[in-house]
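Presented below is the structure to which this report refers.
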Amino acid sequence: MLFASCSREMNSDENLAIFKYNESAGILTLDPIYAKDLPHIWACNQLYNSLVAFDDSMNVVPMIAKSWEISEDGLTYTFHLRNDVFFHESEAYSEPRCVTANDVVYSFNRVVDKSLNSPGSWIFASVKHDDGGYAFTAIDDSTFQIELANPFPPFLGILSMTYASVVPHEAVEYYGDAFRNHPVGTGPFKFQYWKENVKLVFRKNPDYFEFEAGERLPYLDAVSISFLIDKQVAFLEFIKGKFDFMSGIDARYKDELLTYDGQLRQKYEDKIYLITEPYLNTEYISFYIDSEDVLGAERAKALRQAVNYSIDREKMLRYLRNGIGEAATGGIIPAGLPGFDNTIGYDYDLKKAQCLVSENDLEGYTLNLSTTAEYADIGKFVQSQVEAVGLKCKMEVMPPATMRSMRSNGSLSFFRASWVADYPDAENYLSLFTTANFAPAGPNYSHYSNPKYDALYAKAMACTDANERAAYYRQMDALMMEDAPIVPLFYDEVLRFVNKRVEGLGSNPTNLLDLRKVRVEN
């Protein structure tokens, strides 16, 4: 009955501007402290704001904070809040609620509360803390301050993350565990309705604080999210005009939409348009470095280098991805970030790969490649490439959840991986390979460890000069690629297929879905 009622309300006015998209991966919660992947980040980004944000050019811009200062030693961040940011209406309180510095303190303390198990608690790892708590301070209603234990140059950008969204304590306390499906934030849209695995609806926040050319944002009346699991069915619905937007491309219909050089096919040009730009996502295959490897350290390193030389990345992009992306001949840092260098990695060199295999007596050595169904085509390509240089390769396709679990506990020796930037700084990639971040406590699933690398990381984090820090980043990436714990495959590209009735949907290197300035023609 609720669903029918909601549908009637949404369709009662044909002039409503409703943006519709499908989320095949599903959504489990709308509590921002659990927004760890794009489906959840996209949804929560419509409901919440953080102190700061990134614009489409990856510049830090004000949001709830109108301005800020950073102390000369890089340890103290002081934020001055706007006085016109209000939380959405809620039965948890009777009067309109303006955001104050105490709300920021409360929200940040939720992220680090161990009892809540937020996957985002790491974002405040650099904040000064002791048994008495974290150094989050409300100086007064409009002034909020954070103290760091050590300088951390990317910290301001980290505060743009969805984890750092500001929420009202009254609503969290009123709803308890049900806050996951009764979200209250400050964002451009407010929660309307959720029939899990079927439909999620947000309505325009009439009191949103941002304006453009004198007009209050957002322009849309509503956002409607469907949950069709089958991407092929969702694609057909998009082509029919039932959805306004589709991100990325699936192997099952890529040739239907795109030419072999990555252009939109002519037959669809009257219905949709394509937005592309570099994506801060590095796709790669990782080795698990075992100190007790029977090959020994030097032969194991030669094996990893041989695999890197054996992959024809240009061919892979041409035939499997219609030219989408850039061949990863650099390191883990993707194109577009300071520190990127496409000369420090491995070009395709069959002879070098074969020599490394032969000289180190690796003929017939068996690699066990683990991947998921979505990336099975790339897995098969890698399998054929390494076998061409004298190695053997067995491939196992497993469910994503199983793979994540086994990867975390070190049960996979050779596995597909990727990293999308949490914030646009190369540190976010390089920290994946520090000794301090060994899995399962941290994201270093390769267990790569090099004291020189760790020392360079420490120097970079103590450096306040951006150019000098980028030089450290290049050194780290080059050092790691010499040791070759990973096989970078390609630096990804954002693909957005958009219904022609939609205007103002931009793009950005982190693929964040920003609907504040979108318009939809009926």
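Quick note: residue numbers are just sequence positions, from 1.
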(message) Between Arg321 and Glu493, does the salt bridge (charged side-chain N to carboxylate O under 4.0 Å, His left out) criterion hold? Intermediate values first, please.
(response) CA-CA 11 Å; Arg321 291 181 52 82; Glu493 190 173 7; over 6 Å; no
(request) Might you work through the salt bridge (charged side-chain N to carboxylate O under 4.0 Å, His left out) test for Lys500 and Asp270, ending with a clear yes or no? (result) CA-CA 8 Å; Lys500 282 206 165 180; Asp270 62 331; over 6 Å; no
(request) Determine whether the side chains of Asn45 and Arg516 contain a donor N or O and an acceptor N or O closer than 3.5 Å. (result) no
(message) Ring-plane angle category for Trp122 and Tyr163, please: parallel below 30°, perpendicular beyond 60°, tilted otherwise.
(response) perpendicular
(message) Hydrogens and angles aside, do Ser507 and Glu277 bring a side-chain donor and acceptor to less than 3.5 Å of each other?
(response) yes
(message) Show the nearest heavy-atom pair for residues Leu320 and Lys254, with the distance to one decimal.
(response) O-CE, 3.0 Å
Determine all donor-acceptor pairs shorter than 3.5 Å in which one atom belongs to a side chain in residues 381-392; sequence neighbours excluded.
unit_1	atom_1	unit_2	atom_2	d
Gln383	NE2	Cys393	O	2.8
Ser384	OG	Phe381	O	2.7
Gln385	OE1	Asp312	N	2.6
Glu387	OE2	Cys393	N	3.4

(message) Under the criterion ring-ring contact (aromatic ring centres under 6.0 Å, His included), I'd like the reasoning laid out for His447 against Tyr288: C-alpha separation, chi angles, the key distance, then a yes or no.
(response) CA-CA 6 Å; His447 273 213; Tyr288 178 80; 5.0 Å; yes
(request) Just do the ring-ring contact (aromatic ring centres under 6.0 Å, His included) check on Phe287 and Phe414 with the steps written out, would you? (result) CA-CA 5 Å; Phe287 291 91; Phe414 190 48; 4.7 Å; yes
(request) Assess the side chains of Asp477 and Gln475: does a donor N or O sit below 3.5 Å from an acceptor N or O? (result) no
(request) Could you tell me whether the side chains of Trp42 and Asn511 share a donor-acceptor contact shorter than 3.5 Å? (result) no
(request) Using only heavy-atom distances, determine whether the side chains of Thr435 and Asp454 contain a donor-acceptor pair under 3.5 Å. (result) yes
(request) For Asp55, check side-chain contact (heavy atoms from CB on, under 4.5 Å) against everything at least two apart and list the hits. (result) Ser57, Asn59, Val61
(request) Test salt bridge (charged side-chain N to carboxylate O under 4.0 Å, His left out) on Lys301 and Glu482 and set out the steps. (result) CA-CA 9 Å; Lys301 178 178 175 178; Glu482 169 64 24; 3.5 Å; yes
(request) Using the six-membered ring wherever Trp is involved, compare the ring planes of Tyr448 and Phe433 and label them parallel, tilted or perpendicular (cut-offs 30° and 60°). (result) perpendicular
(request) Start with the C-alpha distance between Phe202 and Trp194, add both sets of side-chain angles, then the distance that settles ring-ring contact (aromatic ring centres under 6.0 Å, His included), and finish with yes or no. (result) CA-CA 9 Å; Phe202 303 144; Trp194 188 9; 8.9 Å; no
(request) Would you check if the distance from the ring center of Tyr491 to the ring center of Phe340 is below 6.0 Å? (result) yes
(message) Distance alone, cut at 3.5 Å: any donor-acceptor contact between the side chains of Asp347 and Tyr309?
(response) no
(request) Could you tell me whether Phe108 and Phe124 have their ring centroids closer than 6.0 angstrom? (result) yes
(message) Under a 3.5 Å cutoff, is there a donor and acceptor pairing between the side chains of Asn444 and Ser446?
(response) yes
